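A short worksheet on the structure shown next.
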Amino acid sequence: MVAVRIIPCLDVRAGRVVKGVKFRDHVDMGDIIERARAYRDQGADELVFYDITASPEQRSVDVEWVERVAAEIDIPFAVAGGIRDVERARAVLHAGADKISVNSPALKRPQLVRELADTFGSQCVVIGIDSIRDRNGYRLRANTGDPGNMIDPDLDTRAWVEQVQQLGAGEIVLNCMDADGVRTGYDIEQLAEMRAICDVPLIASGGAGRREHFLEVFEQADVDGALAATVFHSGQIAIPALKDWLRANGVETRVQAGSTQVVQ
Amino acid sequence: MTIAVINSGGANLGSVVQALNRLGAESVLTRDADVIRQASRVILPGVGAAAWSMNALREHGLVDVIRGLAQPVLGICLGLQLLFESSEEGDTPCLGLIPGRVTRLPEAPGLRLPHMGWNQLKWTTDDPLARGLAGDEWFYFVHSYAAPAEGAVATSEHGREFAAVVRRDNFAACQFHPEKSASAGQTLLRNFLSP
């Protein structure tokens with residue numbers, strides 16, 4: 001049986017890993033390669049790198065650090081940030097990324113999802129969705145990397161989850177913005193609702209604070225992976241211990257030879 | 001030793017070259033028939049669709065070149081599927097080096113496609129590629145189509161049992177990505193390179 005994936009997310013700005021709270025106030029968390037290598041050694045199943053300044057600044061991700069990561073790291077990784085056409089996607093994939101993750105540019109031009117899936121295959125195409133609660137349900141936000149430029153595309157999250165699958169998305173990362181960075185748990189209710197209409201792998205994002213939150217999201221929302229940043233960067237949750245504990249509680253996780261010996 | 005990595009035009013072929021670099025092995029990404037014939041090892045990676053990739057191999061005159069190779073060959077992912085007779089994906093004939101047809105994994109409630117993530121293998125026979133592996137390692141898979149489990153060296157399961165590692169003479173292949181499978185994948189690649 002396929003194991004659930006534990007996915008540290010590294011927000012990248014100017015070649016460094018940073019982390020903010022509710023998308024603001026970013027603090028330096030260290031060198032990209034150092035961080036990536038440490039997570040690989042601890043048994044992370046995959047990595048996601050978000051170039052958080054790329055989309056709001058109207059530029060695309062810089063491929064130089066993608067090449068450095070690819071040369072060093074032997075687990076899959078996705079790259080997000082300002083990928084808005086097939087050519088930029090090609091550059092990032094050729095630099096060694098396994099997947100590209102697209103958020104704001106797909107909202108601006110949904111056909112991009114189809115172009116990417118047709119050119120590279122659905123397995124390379126991850127759609128990142130930033131979703132926020134409102135009175136009537138869940139709605140999208142775009143350009144969330146830059147609060148000053150954040151826009152409301154006036155779209156219902158459910159409708160978008162369905163549309164991107166029809167367009168060929170191979171995976172969806174649902175970031176529940178109300179929960180992001182505040183460590184009070186994943187938004188189980190929202191994730192379970194989207195799970196019910198999502199046939200491709202679904203990754204939970206936003207809100208992890210304790211190991212129980214991971215167990216909850218796998219048991220109650222049936223997601224394929226859980227993404228987190230703060231709890232891993234700070235060392236508050238050690239990945240080997242988390243995976244051992246999940247396994248002891250009946251959630252299948254991958255054991256990496258030697259990874260349980262790693263001391264954070 | 002020179003390792004030829006066949007450039008079948010897929011998106012992340014560089015990953016295989018980088019994995020070989022990490023093992024200290026010299027490799028070249030190529031579609032030159034002579035380079036491929038003279039290499040001591042050949043890797044047939046593959047990302048993309050079967051029909052599209054077979055067309056690319058045909059266009060570059062590589063179909064018979066690959067069929068005629070006598071040195072150790074390792075297919076990866078789509079590279080495994082291409083060794084079979086045909087694929088349902090784009091309904092295309094393939095290289096025909098191993099009997100059987102590649103078909104789509106089943107759709108079922110709670111079963112996500114693509115089969116994307118880490119899964120374990122069931123080794124059915126001893127194979128040089130498994131040297132140093134305990135047997136319970138996890139490997140990284142990304143695919144929606146798969147080859148029949150019958151006759152496979154190792155199988156895995158996602159909706160149905162399918163071929164995870166196959167071998168016929170000098171041709172071996174794995175459905176997962178050893179270049180992305182951390183230490184376990186490294187062991188398997190090292191086994192492929194070792195004399």
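In this text the structure is predicted, and so the values were computed from the model without any measurement. Naming convention: chains lettered A, B, ... in sequence-line order (proteins, then strands); numbering from 1 in each chain.
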Closest non-hydrogen atom pair, [X] against [Y]:
X	Y	result
B/Lys180	A/Ile73	NZ-O, 4.1 Å
B/Trp118	A/Asp45	NE1-O, 2.8 Å
B/Ala182	A/Ile75	CB-CG2, 4.0 Å
A/Gly96	B/Ser15	O-OG, 3.9 Å
B/Gln18	A/Ala70	OE1-CB, 3.4 Å
B/Met116	A/Gln123	SD-O, 4.1 Å

Please say whether more than 12 non-hydrogen atoms of neighbouring residues, nucleotides or ligands are located less than 6.0 Å from [atom1] in [X].
X	atom1	value
A/Glu189	CD	no
B/Arg67	CZ	yes
B/Glu26	CD	no
B/Asp126	CG	no

Electrostatic pair B/Arg112-A/Asp224, nearest N-O below 4.0 angstrom: yes
Trace of the side chain to side chain contact (heavy atoms under 4.5 Å, CB included) decision for A/Arg254 with B/Phe139: CA-CA 9 Å; A/Arg254 173 182 70 110; B/Phe139 292 90; over 6 Å; no
Distance, nearest 0.5 Å, that separates CD of A/Glu72 from CG of B/Asn21: 11.0 Å
Side chain proximity check, B/Gln186 to A/Asp74, heavy atoms < 4.5 angstrom: yes
Min side-chain heavy-atom separation B/Pro114-A/Pro201 under 4.5 Å: yes
Heavy-atom proximity to chain B below 4.5 Å, by part of A/Ala89: neither
Atom group of A/Thr119 that falls short of 4.5 Å from chain B, counting heavy atoms: neither
Side chain B/Arg22, main chain A/Ala71, donor-acceptor under 3.5 Å: yes
Flag for B/Ser183-A/Arg40: side-chain donor and acceptor within less than 3.5 Å: yes
Per-residue contact mode, B/His143 against chain A (heavy atom under 4.5 angstrom): neither
